[in-house]
Amino acid sequence: FLRNFEFRANLTLVRSNSTYDQYGITINDDGELEQGPFQARVSRSMYGQAPYILNNIVNFKLDSAGLMVTLSHNFQGPKLVIPGLFMMPDVYEYPRHILDAKISKTLGKYFSVSLTVRDILRSSERRTYRLDGKWLNDYDRYTYGTIYLLTVSYKL
């Protein structure tokens with residue numbers, strides 16, 4: 001029975017950082033923007049890069065019945081989604097668990113049908129201000145909802 005199962009997992013650990021000098025903006029007499037005085041040296045994680053990513057997949061395959069069931073899980077650490085400018089705080093996306101499932105069945109020699117369910121847990125996406133290593137108020141919070149996909153395919 002266990003030979004029909006396949007387990008996969010990977011963990012990625014990333015340490016990313018970018019540093020830049022932040023300057024203010026001034027408007028000259030002609031109404032044009034110019035670089036203003038130095039404000040701060042800013043150091044933060046790179047845009048869109050999570051410090052860790054964990055993926056798990058469990059497959060159950062029964063070749064004699066043409067059946068395959070897949071359950072996958074993804075979890076990422078907090079990542080920068082809106083860089084703060086001009087002394088405004090950065091906005092980070094909080095970690096959330098994403099669980100997906102797929103059941104597929106072959107029907108004869110040429111047809112197959114599958115049902116995919118995405119984001120089974122319906123976990124909320126939460127983005128929060130962060131300044132000087134401290135979490136502040138939420139920027140926004142919303143839930144996409146669960147997505148269901150039914151697919152019928154014909155193989156030539």
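Nearest approach of Ile57 to Ser72, heavy atoms of both residues: CG1-CB, 4.0 Å. Summarising the geometry of Ser114 relative to Ser104, their closest heavy-atom pair is CB-CB, 3.7 Å, with the distance given to 0.1 Å. A pairwise comparison of heavy atoms in Gly145 and Arg122 identifies CA-NE, 3.5 Å as the closest pair.
Partner of Lys102 under the side-chain contact (heavy atoms from CB on, under 4.5 Å) criterion, chosen from Thr116, Asn59, Val69, Leu115: Thr116.
Residues Leu71 and Asp100 form no side-chain contact, since every pair of their non-hydrogen atoms from C-beta on lies 4.5 Å or further apart. His73 has its side chain within reach of His97: a pair of non-hydrogen atoms, C-beta onward, lies under 4.5 Å apart. The shortest distance between side-chain heavy atoms of Leu80 and Ile82 does not fall below 4.5 Å. Side-chain contact between Asn56 and Leu54: present, with at least one pair of heavy atoms (C-beta onward) separated by less than 4.5 Å. When side chains are defined from C-beta on, Pro51 does not count as touching Val14, because their heavy atoms never get closer than 4.5 Å. Residues Arg130 and Pro89 fail the side-chain proximity criterion, which asks for heavy atoms closer than 4.5 Å. Counting only heavy atoms from C-beta outward, the side chains of Ile53 and Leu11 never approach each other to under 4.5 Å. When side chains are defined from C-beta on, Arg127 does not count as touching Arg141, because their heavy atoms never get closer than 4.5 Å.
The 12-atom threshold is not exceeded at CG of Asn137, counting heavy atoms of other residues, nucleotides or ligands nearer than 6.0 Å. By the neighbour-count criterion of 12 heavy atoms within 6.0 Å, atom NZ of Lys105 is densely surrounded, having more than that number from other residues, nucleotides or ligands. Within 6.0 Å of OH in Tyr110 there are 12 or fewer heavy atoms belonging to other residues, nucleotides or ligands.
A donor-acceptor contact under 3.5 angstrom links the side chains of Ser153 and Ser112, judged on distance only. Between the side chains of Asp138 and Thr128, at least one donor N or O lies within less than 3.5 Å of an accepting N or O. For the 3.5 Å distance criterion, the side chains of Thr143 and Ser124 qualify, holding a donor opposite an acceptor.
Note: Phe5 and Phe7 have parallel aromatic rings, judged against thresholds of 30 and 60 degrees for the angle between ring planes.
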Side chain to side chain contact (heavy atoms under 4.5 Å, CB included) between Arg96 and Arg126: does it pass, once the steps are laid out?
CA-CA 8 Å; Arg96 66 186 186 117; Arg126 179 180 173 201; over 6 Å; no

Give the intermediate values and the outcome of side chain to side chain contact (heavy atoms under 4.5 Å, CB included) for residues Thr151 and Val113.
CA-CA 6 Å; Thr151 307; Val113 64; over 6 Å; no

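Of the possible polar contacts, one joining the Thr146 side chain to the Asp119 backbone as a donor-acceptor pair under 3.5 Å is found. Looking only at distances, no side-chain donor or acceptor of Asp90 sits under 3.5 Å from a matching main-chain atom of Pro83.
Ring centroid separation for the pair Tyr92 and Tyr94 does not come in under the 6.0 Å cut-off.
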